[in-house]
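Data first, discussion second: the structure below is written as structure tokens.
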Amino acid sequence: MSRPWAQAGAHHLVLADVQELALPVPVTGALGPWKPPQDFVDQVLLQLPHLRPPTP
């Protein structure tokens, strides 16, 4: 499915159910796919605890 803003012939991600964080969490990302550092993930999950994976 093409979006009006999409560049023809390129891949795009369409995000759904985006949740704004109350406090910003600074992180250096990358232009392509990247694995976020664990400390970043931990800081985000402190603000969105319902997204924390269940512990075995």
Side-chain angles (χ1 to χ4, degrees):
M1 176 194 318
S2 180
R3 303 287 180 171
W5 47 260
Q7 179 181 352
H11 294 281
H12 302 87
L13 297 176
V14 178
L15 305 177
D17 194 27
V18 175
Q19 298 180 34
E20 182 178 1
L21 298 176
L23 301 171
V25 180
V27 67
T28 301
L31 291 178
W34 57 281
K35 183 175 180 177
Q38 189 59 49
D39 64 323
F40 169 78
V41 174
D42 294 341
Q43 290 179 53
V44 170
L45 291 176
L46 283 174
Q47 296 187 57
L48 302 172
H50 63 284
L51 296 179
R52 186 175 299 280
T55 55

Would you kindly confirm whether V27 and L51 end up in one hydrophobic cluster when ILVMFWY residues are joined by side chain heavy atoms under 4.5 Å apart? yes
Is there a path of hydrophobic side-chain contacts, each under 4.5 Å between heavy atoms, that joins W34 and V44? yes
When rounded to the nearest 0.5 Å, the distance separating CD of Q47 from CG of D42 is 12.0 Å
Under 6.0 Å from the CD atom of Q7, do we count more than 12 heavy atoms belonging to anything else shown? no
Between F40 and V25, which heavy-atom pair has the shortest distance, and what is it? CD1-CG1, 3.4 Å
How close do L48 and Q19 get, heavy atom to heavy atom, and via which atoms? CD2-OE1, 3.6 Å
Give the minimum heavy-atom separation between R52 and L46, together with the two atoms involved. NH2-N, 4.1 Å
